[in-house]
Structure formats: C-alpha cells, structure tokens
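For reference, the structure is listed below as structure tokens.
Note on naming: letters A, B, ... go to the chains in the order of the sequence lines (proteins, then strands), and numbering restarts at 1 for each one. Just so it is clear, the model here is predicted, and its values are computed rather than measured.
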Amino acid sequence: MIDIKALRAESEKYIRGARLKRINVDIPALLDLDAKLMNASRELQEIRTAQNQAGKDIAQLAGDQKKQAIAKMAELKARAKQLGDMVTQLEPQFNEQMLLVPQPPAPEVPEGKDDTENVQLRVEGELPKFDFEPKDHVQLGESLDIIDIPRGVKLAGSRNYVLKGAGAMLHYAILRLAVDQMLAKGYTLLNVPVLVNESVMYGTGYFPTGREQAYLAERDSLSLVGTAEVPVTAYHSDEILEESQLPRKYIAMSTCFRREAGAAGKDTYGLYRIHIFDKVEQVVIGPNDEQRSIELHQEILRNSEDVLKALELPYRVVNVCSGDLGQGQVQKFDIETWMPSRKNYGETHSASRFHEFQARRLNLRYRGQDGKVRYCHTLNNTVIASPRILIPVLEMYQNADGTVTVPKALRKYMNEMTIIKPAS
RNA sequence: GGAGAGGUGGCUGAGUGGCUGAAAGCGACGGUUUGCUAAACCGUUGUACGGACUAAUCCCCGUACCCCGGGUUCGAAUCCCGGCCUCUCCGCCA
C-alpha cells in the first residue's frame with residue numbers, strides 16, 4: 001500500500017513507477033476520488049463536532065430549550081446521514097483502487113518489459129562438461145526409481161509428482177541443510193499456518209491481484225499460501241515493535257501451493273513448474289531505512305548463495321528489470337541455477353525488498369528510538385525450494401553409469417549415503 | 001459438533017446510558033534524592049485522521065477507535081442483533 005499523502009504530493013513519481021512496472025492503474029482518477037472522499041469526511045467531522053456539543057447541551061437543558069436542542073440534533077443527524085452515505089459509497093472504491101497502486105521501483109532497477117530484459121550481475125561456479133550423454137532429471141528420476149510423475153498425476157492431476165526413496169530423502173536433506181545454515185546465522189525458525197485468512201493475503205500483496213494464483217478454501221474464507229513469506233511477514237501484523245528488536249530475522253519451511261493459472265503449456269516438463277512444493281523462506285522485518293534495507297537485501301541474497309555454494313552448484317544472480325517486478329517490490333534479485341537439461345540457468349530463488357509496501361497493508365510498525373511510530377520495511381528470499389532444486393542437483397551430480405553422487409553437504413542428512421543407484 | 005463463560009489501553013483490571021479516551025495497580029519513560037544500584041517520592045505515558053499554526057511529522061483544537069459490522073437513543077465501552085475470536089466442560093479425533 002502506498003501512503004496517500006505521498007501519492008498526493010508526488011503523483012508523477014507513482015504514475016511513472018506504474019508505467020515502468022507495466023501495471024495499469026488510473027492514479028488521477030484515484031486522486032479525484034480521494035479529494036471527494038476527503039471533502040465529505042471533513043464536513044462529516046464538523047457535523048460530528050456540532051452533534052457532540054448538542055449532546056452535551058441537551059444533558060444540561062430542560063423544557064423548551066431542550067426541545068429546541070433535540071430538534072437541532074435531528075437536523076444534524078440528517079445531514080450526517082447524507083455525508084455518511086457518501087463516505088460509505090466512496091470509501092470502498094477508494095480502498096479498492098489504493099490496493100492496486102504499485103510501489104515504484106528503486107533507481108538501480110533496470111528498465112525493461114519482462115524477464116528477457118533482466119540484467120546479469122555475476123556468475124558463480126563452473127558449468128559442467130559431460131564426457132557422456134547426460135540425462136535430464138526426469139530420466140534420472142525414473143531410472144533410479146526416485147521420482148514418480150505418472151502416479152503423482154494420478155493422485156492430483158497435472159504438475160504433480162511423487163518423490164520416492166532416495167529422491168524423497170534428498171528433498172528433505174536439502175531442506176534440512178538450508179534450515180541448519182540459516183539457524184547458524186541466527187535466524188529464528190518458525191512453523192506457520194499455510195492456510196490463512198484473506199487479510200493476510202491482502203496484507204502481503206498477493207491479493208487482490210494474485211487471487212487467480214491461489215487455491216481457495218472458500219467455505220472457510222481461507223487461502224492456501226504460495227509461500228511461507230505470507231504468514232511469516234504477517235506474523236507481527238497489527239503490532240508495534242521496538243526499534244531495538246529490529247531487524248527480526250525469520251525462516252520458515254512450508255509447503256507452497258500454486259495454481260499456475262495462465263501458465264498452461266509453459267514448463268510442463270518435469271519438476272520445474274509444479275503445483276505443490278516445499279520451501280525454506282527467509283523473511284526480514286527491518287527499520288524504515290532505505291540504506292539498511294539495501295544492506296539486508298544483500299545479506300539475504302548471500303544467505304541463499306551460501307546454500308548453493310554448499311551444494312556446489314553453478315548459478316548466476318540477475319537484477320530483475322522493472323517490468324518483471326511484482327506490485328510491491330522495490331527491487332528484486334533472482335538467483336538462477338544452472339540446469340543442464342534446459343541448457344540454461346533457471347530461477348531457483350527470488351530476493352525482494354518492499355520498503356513499507358507490505359508493512360502498511362499489514363499495519364506492521366515499530367517505535368523508533370525517538371519515540372515515533374513508523375512502518376517497518378520487509379524483505380524476503382528463498383533459502384531453498386525443492387523439488388525444483390533437485391533438477392540441477394540430479395543433473396549436475398549424475399555419473400556416466402546412470403548413478404547420482406550425493407553432494408557432500410547432504411550426506412549427513414541422508415544416513416551417509418554417497419551414491420544413488422537403481423534399486424536392484 | 002453440543003453446553004457455558006468472556007473479549008476494555010504495553011499488561012492486570014474497574015466501569016451497565018451523558019461528569020469515561022476511559023478509575024486503580026503494574027510496567028515503561030523523565031525528574032528529585034543517592035558512593036553505585038535498589039527503594040521512596042513527583043511527573044509523563046495509546047493510535048489514526050482532519051484543522052489551525054509552523055522550520056517542524058513538537059505543541060494547540062477537533063474527529064474516530066473500549067474485538068468487527070449493523071441497530072435502538074437527543075446521546076452507547078455501557079442496551080439489542082449478526083459475525084469473528086478466546087477460555088472451560090462434554091463428544092470426536094491425527
């Protein structure tokens with residue numbers, strides 16, 4: 001959510017921001033609505049003042065004077081009703097529009113229309129050279145009997161899968177490695193609800209825009225989250241934290257649910273784009289300080305890179321361009337891990353900073369050293385998401401004989417297994 | 001799922017129609033006292049929006065908020081209706 005005062009004062013900045021993000025929103029119309037609403041509520045407030053005064057008078061008066069005062073009150077009440085109706089009519093329209101205004105991108109965000117115009121910042125690790133014909137993760141998964149896509153589809157439809165035996169062990173080992181690395185860095189582990197209230201979906205900015213992407217439990221007005229970012233960021237909503245307690249650094253592992261509406265036919269092969277997966281997510285709630293946010297953004301980016309380094313996977317970091325940014329994001333860095341079968345880097349992580357955007361919607365604030373209350377800044381990044389990360393893990397660690405070597409960092413989480421072989 | 005109780009400020013907890021934005025206590029903050037700390041004493045202590053004045057997001061004035069939304073009333077924290085949530089007992093259950 002954008003500060004309406006800022007929107008009034010610097011509407012050009014927000015109009016430009018929306019254009020850069022390729023998001024359609026009529027800001028002049030919104031400001032017009034705002035002015036009307038403001039006039040009505042100002043007058044309503046004056047009427048209320050008069051009503052309150054009349055109420056006090058009535059308590060003191062008697063006889064004719066009292067009757068007159070009560071008659072006066074009736075007039076005020078009628079006018080208040082008119083204005084109140086106007087406000088109840090305008091306010092929902094205003095709120096609805098306000099929820100659509102995007103946070104302008106940071107100046108350091110490259111201009112561009114979509115993900116093809118993201119800018120590569122750096123490349124880490126060596127690309128593999130196979131001296132045999134490498135298999136893709138689906139072929140490996142089948143021949144090793146550790147991934148069962150047909151039965152996943154049987155159970156839950158397209159874009160579903162079953163991890164089996166060493167495949168499932170690998171999945172949990174990776175998640176556990178990620179959790180342990182983050183715990184070592186002092187992040188607090190949370191276990192959170194994945195079925196949440198609508199207000200939480202709105203608060204984190206996934207509703208109303210992303211409603212199509214969420215599975216809804218409509219009977220109970222609850223939504224399945226697409227990421228633990230949602231419940232974790234909302235964890236302190238409606239609270240006022242102390243500045244001395246910031247930044248709050250959290251991680252949570254959760255199952256993530258995504259409808260992938262509109263992605264029909266896209267990335268249909270294998271474990272890349274699936275409806276249900278597990279992810280360790282990091283969320284930082286920081287003070288309202290742009291420089292601090294930039295530093296924290298770098299920190300959460302490094303945290304994820306450290307996981308990929310532990311897994312010894314090659315990756316690159318890209319600075320996501322304006323047209324590929326979400327509504328609330330000020331800046332986003334994606335980490336893309338090398339996926340041999342795709343002969344390309346594929347997105348495995350996404351690190352965003354939001355400034356106050358989510359905090360305003362969530363009413364997430366803190367009291368500064370100076371005693372003033374301000375909105376927090378929020379940030380988040382994937383620590384690891386599996387099974388998408390199994391694509392590079394399996395494909396990079398495959399051997400000529402069709403086996404897969406278990407990455408060293410994972411062995412202690414896999415009962416010291418060193419190699420995944422076909423069951424014989 | 002059934003029965004009951006209840007949701008008041010950072011916390012505990014008064015308040016059943018106007019004198020209550022809200023007693024009292026605790027906590028926190030400022031001050032006095034004090035080798036230091038503690039204790040004692042004095043004072044301050046919600047949020048949002050609007051107005052006026054400004055260097056000021058400080059003061060000042062006003063409005064709203066005692067879970068949320070409606071209603072009754074000249075007037076609602078207080079009465080009525082609906083919803084949400086919490087607790088207790090029973091039932092069911094991973």
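Remark: B:C53 base-pairs with no nucleotide; criterion is Watson-Crick or G-U wobble with both hydrogen-bond distances under 3.5 Å. Pair check for B:G75 finds none; no Watson-Crick or G-U wobble contact set falls under 3.5 Å. Figure legend. B:A48 is base-paired to B:U63; pairs are counted as Watson-Crick or G-U wobble with both atom distances under 3.5 Å. For B:A23, there is no paired base (Watson-Crick or G-U wobble, both distances below 3.5 Å). In this entry B:U32 has B:A40 as its Watson-Crick or G-U wobble partner, both defining distances falling under 3.5 Å. Applying the Watson-Crick and G-U wobble criteria (two distances, each under 3.5 Å), B:C87 pairs with B:G4. Figure legend. B:G82 is base-paired to B:C68; pairs are counted as Watson-Crick or G-U wobble with both atom distances under 3.5 Å. The partner of B:G9 cannot be assigned: no Watson-Crick or G-U wobble pair with both contacts below 3.5 Å exists in any strand.
The C1' atoms of B:U8 and B:C41 are separated by 30 Å, rounded to the nearest whole Å. B:G13 sits 22 Å from B:G17 when the C1' atoms are compared, rounded to a whole Å. Taking the C1' atom of each, B:A14 and B:U57 are spaced 35 Å apart, rounded to whole Å. Going from the C1' atom of B:A48 to that of B:G2 covers 42 Å, rounded to whole Å. Rounded to whole Å, the separation between the P atoms of B:C65 and B:A77 comes to 7 Å. Comparing the same atom, C1', in B:G7 and in B:G15 gives a spacing of 15 Å after rounding to whole Å. One P atom belongs to B:C68, the other to B:U78, and the distance between them is 11 Å to the nearest Å. When the P atom is used for both B:C58 and B:G50, the distance is 13 Å, rounded to whole Å.
No more than 12 heavy atoms of other residues, nucleotides or ligands lie within 6.0 Å of CZ in A:Arg151, so this atom counts as exposed by the packing criterion. With a 6.0 Å radius and a threshold of 12 heavy atoms from other residues, nucleotides or ligands, A:Glu212 has its CD atom at or below the threshold.
With hydrogens and angles ignored, the 3.5 Å screen pairs a side-chain donor or acceptor of A:Glu395 with a backbone N or O of A:Ser341. Proximity of a side-chain donor or acceptor of A:His349 to a complementary backbone N or O of A:Glu336 within less than 3.5 Å is not detected. One N or O on the side chain of A:Gln282 and one on the backbone of A:Ile300 form a donor-acceptor pair closer than 3.5 Å. Looking only at distances, a side-chain donor or acceptor of A:Gln358 sits under 3.5 Å from a matching main-chain atom of A:Thr204. The backbone N or O of A:Asp26 sits nowhere less than 3.5 Å from a side-chain atom of A:Gln97 that would complete a donor-acceptor pair. Of the possible polar contacts, one joining the A:Lys21 side chain to the A:Gly326 backbone as a donor-acceptor pair under 3.5 Å is found. Remark: side-chain polar atoms of A:His297 are paired, donor with acceptor, to backbone N or O of A:Ala351 under 3.5 angstrom.
If you measure from atom CG of A:Asp370 to atom P of B:A56, you get 18 Å, rounded to the nearest angstrom. Atom NZ of A:Lys372 and atom P of B:U47 are 12 Å apart (whole Å). A:Glu91 has its CD atom 11 Å from the C1' atom of B:C49, to the nearest Å. When the C1' atom of B:A48 is taken as reference, atom CZ of A:Arg374 falls 16 Å away, rounded to whole Å. Atom-to-atom, CD1 of A:Ile240 to P of B:C29 comes out at 17 Å; the value is rounded to the nearest Å. Atom pair A:Asp34:CG and B:C49:C1' shows a separation of 12 Å (rounding to whole Å applied). The separation between A:Glu243 atom CD and B:A28 atom C1' is 17 Å, rounded to whole Å. Per the geometry, CZ belonging to A:Arg42 stands 14 Å off P belonging to B:C49, to the nearest Å.
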Q) Nucleotide by nucleotide, 5' to 3', does protein get under 4.0 Å of the base (B), only the sugar-phosphate (S), or neither (-) in nucleotides 63-86 of chain B, counting heavy atoms? A) SS---------BS-----------

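Using a 4.0 Å cut-off between charged nitrogen and carboxylate oxygen, A:Asp306 and A:Lys185 count as a salt-bridge pair.
Residue-level contact check: A:Arg367 touches the backbone only, with heavy atoms under 4.0 Å from sugar-phosphate atoms and none from bases.
A cation-pi contact links A:Arg388 to A:Tyr272, judged by a cut-off of 6.0 Å to the six-membered ring centre and 45° from its axis.
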Using the 3.5 Å cut-off, write out each protein N or O paired with an N or O of nucleotides 52-54 of chain B and the distance between them.
none

